[in-house]
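Below is one structure, written out as structure tokens, with a few remarks after it.
Lettering follows sequence order; numbering is per chain, from 1.
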2 protein chains.
Amino acid sequence: MNMESDKQQFRMTRQRKVILEELRKVTSHPTADQVYEMVRKRLPRISLATVYRNLETLSAAGEVLKLEVSGTQRRYDGDTSEHHHARCAMCGSVIDIPAKAFPMPKIPSEAIEGFDISGYRLELTGLCQNCRATKAV
Amino acid sequence: MNMESDKQQFRMTRQRKVILEELRKVTSHPTADQVYEMVRKRLPRISLATVYRNLETLSAAGEVLKLEVSGTQRRYDGDTSEHHHARCAMCGSVIDIPAKAFPMPKIPSEAIEGFDISGYRLELTGLCQNCRATKAV
DNA sequence: ATAGGTGCAAAACTTTTGCGTCAAG
DNA sequence: CTTGACGCAAAAGTTTTGCACCTAT
């Protein structure tokens, strides 16, 4: 009996491997489409559907994170360590904040109506350095 | 010169009013489509496009919140007071946590790379009471 | 052999836009 | 009269699915 069998099984195909590698390589929280473009440089014949399917598989396996951020387009994160996000209201970019900069808060249990908390993420909103510079435009 | 002119101007039309009222009425963080269904009971001829346009207008005016939560479908919140969200990983429902249960954290400035923080929101993940009960299924 | 993966194309779903008309100031 | 808003339909954008073929067990 294996405890911790959250992670589902899958074969590490060439496509899967490249997607994971590319996603681990960046800190930019790309959308599926952006991952597609990145991966396409190495596997020109890969299809967008495969990227979607594999991002799904990898996130189900806990290898990547599907971010619950952003408006219309989903973003993925190759860094599964605990961390938070700051999102720029202007350009939509997301930067990471290491979890140790900010430890798990204590939430009074009466505030959460029987909710069983498994994870937390702090979502900061504001303007990134770059957009702050060009704000005057 | 008026400081605090974030809020844009608009006419409070019948449609707008009903959308706002319905959104204020619930705590369920409905999607545009759900708002449409709610509003349609009172204004059967309203179009989905109008709902989208008005949710956009109202959120630009700060009357409602566009949530940065959830995967594919955007959710809206009629409660603009400071509060956090706990999202159920199973059913996707979102419950509110009053901000006073959890004050604004102090983030070390070196962790945020020149980011100018205007807002923060804590996003908890877990299982809601209801899904916890039916988890065994 | 078989189970899972892939590419392609089509479908489904969500959100936005163009346009002619309407309503309020 | 002018401006903003509406309804409708079409378009655009994002994600999922069906299917035939492939490829590692």
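A heavy-atom distance below 4.0 Å to DNA chain C is reached by these residues of residues 15-37 of chain A, ordered by number: A:Gln15, A:Arg16.
Within the 4.0 Å cut-off from OP1 or OP2 of D:dG4, not a single side-chain nitrogen or oxygen of B:Thr13 is found. The phosphate of C:dC8 (OP1 or OP2) has no side-chain N or O of A:Ser47 nearer than 4.0 angstrom. Phosphate contact (OP1/OP2 of C:dG5, side-chain N/O of A:Thr50, threshold under 4.0 Å): absent.
Note on A:Arg45: only backbone sugar-phosphate atoms sit closer than 4.0 angstrom, heavy atoms only; bases stay farther off. Residue contacts shown for B:Leu48 include a base, since a base heavy atom lies under 4.0 Å away.
Remark: C1' of C:dG25 and CZ of B:Arg11 are 8 Å apart, rounded to the nearest angstrom. Between A:Met12 atom CE and C:dT6 atom C1' there is a gap of 16 Å when expressed in whole angstrom units. Between B:Asn54 atom CG and D:dA5 atom P there is a gap of 8 Å when expressed in whole angstrom units.
The backbone N or O of B:Asn54 lies less than 3.5 Å from no partner atom in the side chain of B:Arg16, so there is not a single donor-acceptor pair.
Taking only distance into account, the side chain of B:Arg53 meets the base of D:dG7 through a donor-acceptor pair shorter than 3.5 Å.
The CZ atom of B:Arg74 sits 10.5 Å away from the CG atom of B:Leu67 when rounded to the nearest 0.5 Å.
Checked for salt-bridge contact, B:Glu22 and B:Arg42 meet the test: a charged N lies under 4.0 Å from a carboxylate O.
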